[in-house]
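Note that ligands are numbered from 1 as they come in the structure, with each ligand's atoms numbered from 1 the same way. All values derive from a computational prediction rather than experimental measurement.
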Amino acid sequence: MDDLKAKYLGQIAEAADENALETIRVSAVGKKGEVSLKMRELGKMTPDERQVAGPALNALKDEINSALAAKKAGLADAALDARLRTEWLDVTLPTRATRQGTLHPVSQVTEEVTAIFAEMGFAVAEGPRIETDWHNFDALNIPGHHPARAEMDTFYMHRAEGDNRPPHVLRTHTSPVQIRSMEQAGAPLRVICPGGVYRADYDQTHTPMFHQVEGLAIDKNISMANLKWVLEEFVKAFFEVDDVELRFRASHFPFTEPSAEVDIRCSWEGGTLKVGEGDDWLEILGSGMVHPKVLEAGNIDSNEWQGFAFGMGIDRIAMLKYGIPDLRAFFDSDLRWLRHYGFSALDVPTLHGGLSR
Ligand code: PHE
């Protein structure tokens, strides 16, 4: 028995890997292993002999099994050590010198706009791009026959033959998110809603898909004065200038009353745009006090609450701020354009750290 013990413990100590260990296990304590066969011989022994040999064999079997387990654990530790040595990585190395990709100006400007309005207490709300006819039009006080429906060059979704419900539309503006936000959160409310919108239009200054950001503030005594202050603060922060002049022009939208379009003072001298000086005016957004019918469509009591709303073209203000001449190039996915006008993904715009660097 001492010979068996010496033989197998020796073999286990020498085993190079798990496969070798398994072979040793089978030949020692497997069903037909040497120790197991010896145990079968117990039956042929006299009771006295058995009383000595039985416990000794069992002890030998236990010893071999625990030596196998210990060696197995040792091998696994060694394998892990070896792997850790080869997978070593110097985390202090500099990052890649060349940028692998850039943030699209629309994404960058959306982040900038969000940072500015977040500071003023506006949360971000989103809605679907495929919108119900009701959210996109009716709820915004644009009934079926209203000319605004035609003006917007709406893309209608397909309906199955015989289905007479109004078709869904690709939203023509972000204003339906006003309704969805009111439905979800009620009043008081302060949200901005950035996102893609669609109109069947394509020329130098129009693409069938573009981006807007909607603003909506509802409270007990909100007025046009609040709207004006918020927009002025926004424009100063966004264009990173100390002073700007905004011009509110009376206008008309079915979902606001009164309504105003807002222009910003600028100059085009030498072909480059400067915000805040000069004799030109550039339209940047539509706005107004939320129409009572729109509040009611969003389940908000218009006797108790009122609010302002605005809608601004993101692509438009991106072109203005970063001097990008052609709107259509925004969506061509031309790598040279993206590298030139793109932004580093690691420079997150914040008001304290700077919006654009
Ligand atoms: N939805 C309008 C548009 O797309 C903009 C707007 C939004 C005007 C909110 C007033 C209030 O032109």
Starting from atom 2 (C) of ligand 1, what is the nearest protein heavy atom, named by residue and atom, and what distance separates them?
Phe255 CZ, 3.7 Å
How far is atom 9 (C) of ligand 1 from the closest protein heavy atom, and which atom is that?
Glu214 OE2, 3.3 Å
Going through the checks in order, is the side chain to side chain contact (heavy atoms under 4.5 Å, CB included) test met by Ile317 and Val113?
CA-CA 10 Å; Ile317 60 171; Val113 170; 4.0 Å; yes
Note: Phe310, heavy atoms under 4.0 Å from ligand 1, region reported as backbone
Ser287 N/O under 3.5 Å from ligand 1 N/O
no
Does any N or O atom in Gln178 lie less than 3.5 angstrom from one in ligand 1, N or O only?
no
Who's the nearest protein heavy-atom neighbour of atom 5 (C) of ligand 1, and how far?
Gly311 CA, 4.0 Å
If you measure from each non-hydrogen atom of Met312 to ligand 1, which part falls under 4.0 Å: side chain, backbone, both or neither?
neither
Determine whether the aromatic ring centres of residues Tyr202 and Phe210 are separated by less than 6.0 angstrom.
no
Check whether more than 12 heavy atoms from other residues, nucleotides or ligands sit under 6.0 Å from atom CG of Asp203, and answer yes or no.
yes
Set out, in order, the CA-CA distance, both residues' side-chain angles and the distance that settles ring pair (Phe, Tyr, Trp, His ring centres under 6.0 Å) for Phe239 and Phe234, then state yes or no.
CA-CA 8 Å; Phe239 288 104; Phe234 166 75; 7.6 Å; no
Does atom CG (Asp2) have a neighbourhood of more than 12 heavy atoms from anything else shown, all under 6.0 Å?
no
Distance filter under 4.0 Å to Ser175 heavy atoms, resulting ligand 1 atoms
1 (N), 7 (C)
Does ligand 1 have any atom that is closer than 4.0 Å to a heavy atom of Arg199?
yes
Classify the ring geometry of Phe122 against Phe117: parallel below 30°, tilted from 30° to 60°, perpendicular beyond 60°.
perpendicular
Under 6.0 Å from the six-membered ring centre of Phe238 and within 45° of its axis: does the NZ or CZ of Lys321 meet both?
yes
What atoms in ligand 1 come closer than 4.0 Å to a heavy atom of Gln212?
3 (C), 4 (O)
